[in-house]
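Working notes, beginning with the structure itself.
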2 protein chains.
Amino acid sequence: MNTEEKIIKAAEEVFIEQGYDGARMQEIADRAEINKAMLHYYFRSKEMLFEKIFEEKVKVLFPTIGEQMKSYEGFTDKVCFFIEQYYQILIKYPFMPFFVISTINRKDDKHFIKKLPFGFIKEIFFESFFSDLQSGKIREVNPFQFAVSVMGMSIFPFLTRPAMKELIGINDEQFQILMQQRIDELKNYVRLILTPTNHA
Amino acid sequence: MNTEEKIIKAAEEVFIEQGYDGARMQEIADRAEINKAMLHYYFRSKEMLFEKIFEEKVKVLFPTIGEQMKSYEGFTDKVCFFIEQYYQILIKYPFMPFFVISTINRKDDKHFIKKLPFGFIKEIFFESFFSDLQSGKIREVNPFQFAVSVMGMSIFPFLTRPAMKELIGINDEQFQILMQQRIDELKNYVRLILTPTNHA
DNA sequence: AAATGATTTAACCAAATGGTTAAATTTTGA
DNA sequence: TCAAAATTTAACCATTTGGTTAAATCATTT
């Protein structure tokens with residue numbers, strides 16, 4: 001592992017654990033086992049180092065699920081597939097949601113918001129939604145509110161992970177199991193919401 | 001408004017906007033239009049001032065909805081009432097969710113997690129759930145996962161508010177309207193999830 | 001091997017930070 | 001009224017912060 005890689009690994013850890021304001025350049029240097037001046041040699045400033053990390057991490061969190069979703073026929077199946085795939089990522093990187101949320105909530109910083117690659121999923125989502133709506137395959141819900149709901153149901157427990165662990169007294173492993181079980185529960189909710197009522 | 005109140009008001013603003021690490025005692029003093037030494041005179045330290053603010057704000061976010069919920073008969077109605085009431089608070093204090101989430105995610109800090117008053121709602125929720133489940137009034141879902149889902153659907157948009165505003169190009173007022181509309185949509189989702197399928 | 005460029009180190013710096021102190025001012029109560 | 005207590009101020013402090021610099025070391029190329 002070369003110096004640059006060591007820095008990135010250490011910076012990831014520290015920024016994710018402590019947030020931008022809480023992170024200390026010295027601590028990043030210590031964890032990377034390099035001189036603090038090296039941080040600036042490779043990345044010029046704290047801000048630029050953070051940006052590098054953020055970009056890399058966002059790529060992990062917003063992967064090419066969109067592409068894969070195309071292979072599913074109906075809207076409901078697409079959404080269920082999204083949940084399934086997204087949870088594999090979330091379970092692997094449970095700290096990512098808070099990292100992203102705390103970054104986009106940083107005062108006066110629309111810069112990072114613009115880096116979120118939402119376009120890819122928007123198209124497929126809405127196109128598929130209206131297609132299935134017209135053919136009566138799904139119930140008439142507000143697509144925007146529905147999307148936010150699916151995201152919220154999915155991501156929320158990862159944002160409250162420390163509280164959940166403490167309040168119901170579980171460790172990381174048990175949390176992981178709980179989230180694994182959650183996948184089917186969420187898919188079920190989605191089906192119940194989207195499946196039209198039988199007017200026989 | 002006396003000095004202590006001025007400090008609290010200013011501290012609220014700054015801690016909520018900037019987070020604990022980002023907040024500066026000098027900025028709090030400036031906004032309160034008092035000398036920085038006064039902060040320490042009244043609250044000893046940054047940590048203690050923050051604790052004061054957190055406690056006050058948590059009281060606002062976790063109010064006596066629990067009590068009021070008792071007056072609703074069925075589980076479904078209780079949940080819908082909760083959403084309705086909770087949204088009135090969220091719309092009024094849209095920045096609170098991020099404030100609480102970022103506090104409980106602070107490294108090695110179970111202290112604040114323990115301050116979250118969840119007990120009040122837990123009892124009513126589970127008792128009512130199992131009661132209605134037995135009498136066949138609701139579908140058999142996992143009560144824990146369901147609770148997290150309702151919370152997630154409700155709170156999530158307030159955590160992503162800056163991103164939502166930017167991405168779909170709306171201002172605070174429009175966001176508020178969107179959230180007002182969201183109430184009925186969420187209540188609808190809850191009913192669709194909980195209403196048992198008719199096996200005629 | 002010598003020169004060149006890339007990498008690393010240690011010492012350093014100015015600014016900002018949370019916090020303190022002692023004196024000055026205002027408020028209170030006997 | 002006047003002394004004691006509470007409040008406010010300005011100056012100060014030690015430490016930490018992100019960042020710099022110049023010299024030293026290492027790698028590469030001719």
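Both backbone and side-chain heavy atoms feed into the values below; hydrogens, waters and symmetry mates do not. Throughout, a chain's letter reflects where its sequence line sits, starting with A, and its residues are numbered from 1.
- Using cut-offs of 30° and 60° on the angle between ring planes, the pair B/Phe82 and B/Tyr86 is parallel.
- Note on ring orientation: taking the six-membered ring where Trp is involved, the planes of B/Tyr93 and B/Phe95 are perpendicular (angle over 60°, cut-offs 30° and 60°).
- The interatomic distance linking B/Asp30 (CG) with C/dA16 (P) rounds to 13 Å, in whole Å.
- D/dT16 atom P lies 15 Å from atom NZ of B/Lys46, rounded to whole Å.
- Rounded to whole Å, the distance from CD on B/Glu4 to P on D/dT8 is 10 Å.
- Remark: aromatic rings of A/Phe158 and A/Phe98 are distant, center separation not under 6.0 Å.
- Put simply, CG on B/Leu49 is 11 Å from P on C/dG18, counting in whole angstrom units.
- Both B/Phe126 and B/Ile138 are assigned to one and the same hydrophobic cluster, defined by single-linkage of ILVMFWY side chains at heavy-atom distances under 4.5 Å.
- Across residues 17-27 of chain A, A/Ala23, A/Arg24, A/Met25 each have a non-hydrogen atom less than 4.0 Å from an atom of DNA chain D (numbered order).
- Within a heavy-atom distance below 4.0 Å of DNA chain C, the residues of residues 34-44 of chain A found are A/Asn35, A/Ala37, A/Met38, A/Tyr41, A/Tyr42.
- The number of heavy-atom neighbours closer than 6.0 Å to NZ of A/Lys6, taken from other residues, nucleotides and ligands shown, is above 12.
- Remark: B/Ser45 is not in phosphate contact with C/dG18, judged by side-chain N or O atoms under 4.0 Å from OP1 or OP2.
- Taking hydrophobic clusters as Ile, Leu, Val, Met, Phe, Trp and Tyr residues chained together by side-chain heavy-atom distances below 4.5 Å, B/Ile170 does not share a cluster with B/Ile177.
- Distance, A/Asn2 CG to C/dA6 P: 16 Å, rounded to whole Å.
- Put simply, A/Thr3 has no side-chain N or O that comes within less than 4.0 Å of OP1 or OP2 on C/dT7.
- Using a 30° and 60° split on the angle between ring planes, B/Phe15 and B/Tyr20 fall in the parallel class, below 30°.
- Within 6.0 Å of CD on B/Glu140 lie no more than 12 heavy atoms contributed by other residues, nucleotides or ligands.
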